[in-house]
Amino acid sequence: MKTRGAVLLEVPGRYEIVELDLDELRQNEIRVRMVAAGLCHSDDHFATGDQTPGILPIAGGHEGAGIVEAVGPHTPGYEVGDHVVFSFLPICGRCKWCARGLQNLCDLGALLTTGCRFDDPGSYRLSRGGRPVGQLAGLGTFCERIIVSTASAVKIDKAVPLEVACLTGCGVGTGWGAAVNSADVRVGDVVIVVGIGGIGINAVQGAAHAGASAVIAVDPVAFKRDTALKFGATHAVATIEEANAITAPLTNGQGADSAIVTVGVITGKIVGEALAAVRKGGTCVPVGIGDTFTKDGDINLHDLTLSQKRLQGSLFGASRPTSDIPAQLELYRQGNLLLDELVTNRYTLDEINQGYEDMKAGRNIRGIVVFDHE
């Protein structure tokens, strides 16, 4: 079977739409007709060369949802017609981390950039002209049809629109969990969120939902600041200096309880500023990623130690995708989690590069590709 998909043929490079061949289904695999895929900044990091794919060509996309149209042999639990959201982090359910309830740290995550099958390194589900093509995060959601491991799929209620459900496979869980899990926001907390894109806007939602008394959104783009106020932010400013001026009277000059850094390209300078903005015993949560080879740092280690602050990394919001994705979608159905409002623009597969240009220009909170199978 053939499919069309957006792939990187070189790095740095742009996504190119090409025809691909799909391999035969194996055990514990499903073939999915894609309905929607989110345009996450992480996929652009691979296009720019900030992150390095394990193989080229590689099909981009790690946030998406679709409908199962075929099930591999001896693969229980799935049937044709099931609706699925993809977790960009696979869950084996057997490793040390899964056993401890830390699904986001599953050992399979070590293979995310290789593009190959998790259980058979060197084997690929996509090819072009007989040459293997990788799947970013084992997914490649920028394809009209994909074959994926069931370790990457979460079945959801068919009543939830797939165009918004797709966002829970990365952006929603990463931002929401950064606040609720990693920052451990409590009722009455003062929280700063630096960078209001597809991740940061959900950190704002998560902090507000957890009961923060003040959520201060920081972004230089006015459109994003205005949007943050609609998602639960109590204040929205352009710089972290302005945020500090707001937290001072709220905290007797102590600083925020937590600062969550969700900028598109993270640097040590930004993390250092966020760490300085939190109180004694406070938490700074870096979420964004940047150039793999950059090891810059501007962190006051004296302050980190003697103020007993916590610098807490956060992968997929420290979430448990098999339970958290359905829970977030139930919150959406109850009206307690905004998803429709996250989608700024919709694009066809052929417009994917325009979507990324809009993201970089600050015109999108989240853009999505909607697939036309007619």
Side-chain angles (χ1 to χ4, degrees), residues 2-22 34-66 86 88 112-116 124-146 148 163 166-167 169-171 195 197-199 221 224 263-267 288-294 343-373:
K2 295 186 180 295
T3 187
R4 294 171 70 244
V7 306
L8 293 172
L9 300 177
E10 59 182 3
V11 172
R14 286 165 59 88
Y15 283 104
E16 299 188 33
I17 311 303
V18 300
E19 188 174 70
L20 301 166
D21 292 304
L22 286 166
M34 292 299 300
V35 172
L39 299 180
C40 181
H41 205 135
S42 295
D43 298 290
D44 187 63
H45 282 303
F46 284 91
T48 62
D50 286 346
Q51 305 290 309
T52 305
I55 185 175
L56 287 173
I58 191 165
H62 67 278
E63 183 180 85
F86 301 115
F88 83 92
L112 288 187
T113 63
T114 64
C116 64
Y124 298 86
R125 304 185 188 97
L126 292 174
S127 62
R128 182 183 184 221
R131 180 183 177 186
V133 175
Q135 293 171 269
L136 190 61
L139 296 171
T141 60
F142 296 162
C143 295
E144 293 174 337
R145 283 177 170 82
I146 55 175
V148 301
E163 285 190 20
C166 76
L167 303 177
C170 175
I199 306 299
V221 179
K224 294 187 176 183
V263 296
V265 180
I266 203 164
T267 66
I289 58 177
D291 187 339
T292 304
F293 302 103
T294 297
V343 180
T344 315
N345 287 298
R346 290 168 167 79
Y347 305 90
T348 66
L349 180 61
D350 295 290
E351 295 171 332
I352 191 167
N353 288 307
Q354 180 61 53
Y356 274 112
E357 289 175 16
D358 289 344
M359 180 199 72
K360 292 178 180 180
R363 292 189 285 265
N364 283 347
I365 293 296
R366 197 53 136 202
I368 64 171
V369 169
V370 178
F371 292 90
D372 181 4
H373 291 274

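The side chain to side chain contact (heavy atoms under 4.5 Å, CB included) check on Ser127 picks up Asp21, with sequence neighbours excluded. Residues forming a ring pair (Phe, Tyr, Trp, His ring centres under 6.0 Å) with Phe142 (at least two apart in sequence, or on another chain): Tyr15. Applying the side chain to side chain contact (heavy atoms under 4.5 Å, CB included) criterion to Pro132, with sequence neighbours excluded, gives Ile55, Tyr124. For Arg4, the side-chain hydrogen bond (donor to acceptor under 3.5 Å, both in side chains) partners two or more places apart in sequence, or in a different chain, are Glu144, Asp350. Thr114 pairs by the side chain to side chain contact (heavy atoms under 4.5 Å, CB included) definition with Leu111, Cys116, not counting sequence neighbours. Shown here are the side-chain hydrogen bond (donor to acceptor under 3.5 Å, both in side chains) partners of Asn353, two or more places apart in sequence or in another chain: there are none. For Arg128, there are no side-chain hydrogen bond (donor to acceptor under 3.5 Å, both in side chains) partners two or more places apart in sequence or in a different chain. Looking at residues two or more places apart in sequence or on another chain, you find no side chain to side chain contact (heavy atoms under 4.5 Å, CB included) involving Glu10. For Glu351, the salt bridge (charged side-chain N to carboxylate O under 4.0 Å, His left out) criterion is met by no residue, not counting sequence neighbours.
Residues Asn345 and Gln354 form no side-chain contact, since every pair of their non-hydrogen atoms from C-beta on lies 4.5 Å or further apart. Residues Gln51 and Ser42 have side chains not in contact (no heavy-atom distance under 4.5 Å, counting atoms from C-beta outward). A heavy-atom distance below 4.5 Å is not found between the side chains of Cys166 and Met34. Residues Leu9 and Pro57 form a side-chain contact, since some pair of their non-hydrogen atoms from C-beta on lies under 4.5 Å apart. With a 4.5 Å cut-off on side-chain heavy atoms, Thr3 and Ile146 do not count as touching. Annotation: side chain of Lys224 is in contact with side chain of Ile365 (closest heavy-atom distance under 4.5 Å).
Between the side chain of His45 and the backbone N or O of Val265 there is no donor-acceptor pair closer than 3.5 Å. For the pair Tyr356 (side chain) and His41 (backbone), a donor-acceptor distance under 3.5 Å is absent. Side-chain N or O atoms of Thr141 include one that pairs as donor or acceptor with a backbone N or O of His62 at under 3.5 Å.
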*Can you check side chain to side chain contact (heavy atoms under 4.5 Å, CB included) on Thr113 and Ile58, steps first, answer last?*
CA-CA 9 Å; Thr113 63; Ile58 191 165; over 6 Å; no
*Assess whether side chain to side chain contact (heavy atoms under 4.5 Å, CB included) is satisfied between Leu39 and Met359, documenting all intermediate values.*
CA-CA 8 Å; Leu39 299 180; Met359 180 199 72; 5.8 Å; no
*Would Tyr347 and Ile352 count as a side chain to side chain contact (heavy atoms under 4.5 Å, CB included) if you check the C-alpha gap in whole Å, the side-chain angles of each, and the deciding distance to 0.1 Å?*
CA-CA 7 Å; Tyr347 305 90; Ile352 191 167; over 6 Å; no
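A side-chain contact (heavy atoms from CB on, under 4.5 Å) with Pro53 is found for exactly one of Val11, Leu8, Leu112, namely Val11.
Here the shortest heavy-atom pairing between Ala6 and Leu349 reads CB-CD1, 4.1 Å. Heavy-atom minimum distance, Ile368 versus Glu163: CD1-O, 3.7 Å. Of all the heavy atoms in Asn364 and Gly355, the pair that sits closest is ND2-O, 3.8 Å.
Leu139 contributes atom CG, which lies 10.0 Å from atom CG of Asp43 (distance to the nearest 0.5 angstrom). Going from atom CD1 of Ile17 over to atom OG1 of Thr348 covers 8.0 Å, rounded to the nearest 0.5 Å. Ile199 contributes atom CD1, which lies 4.5 Å from atom SG of Cys170 (distance to the nearest 0.5 angstrom).
Judged as a salt bridge (charged side-chain N to carboxylate O under 4.0 Å, His left out), the pairs with a partner in residues 362-371 (not counting sequence neighbours) are, in order, Glu63-Arg366, Asp358-Arg363.
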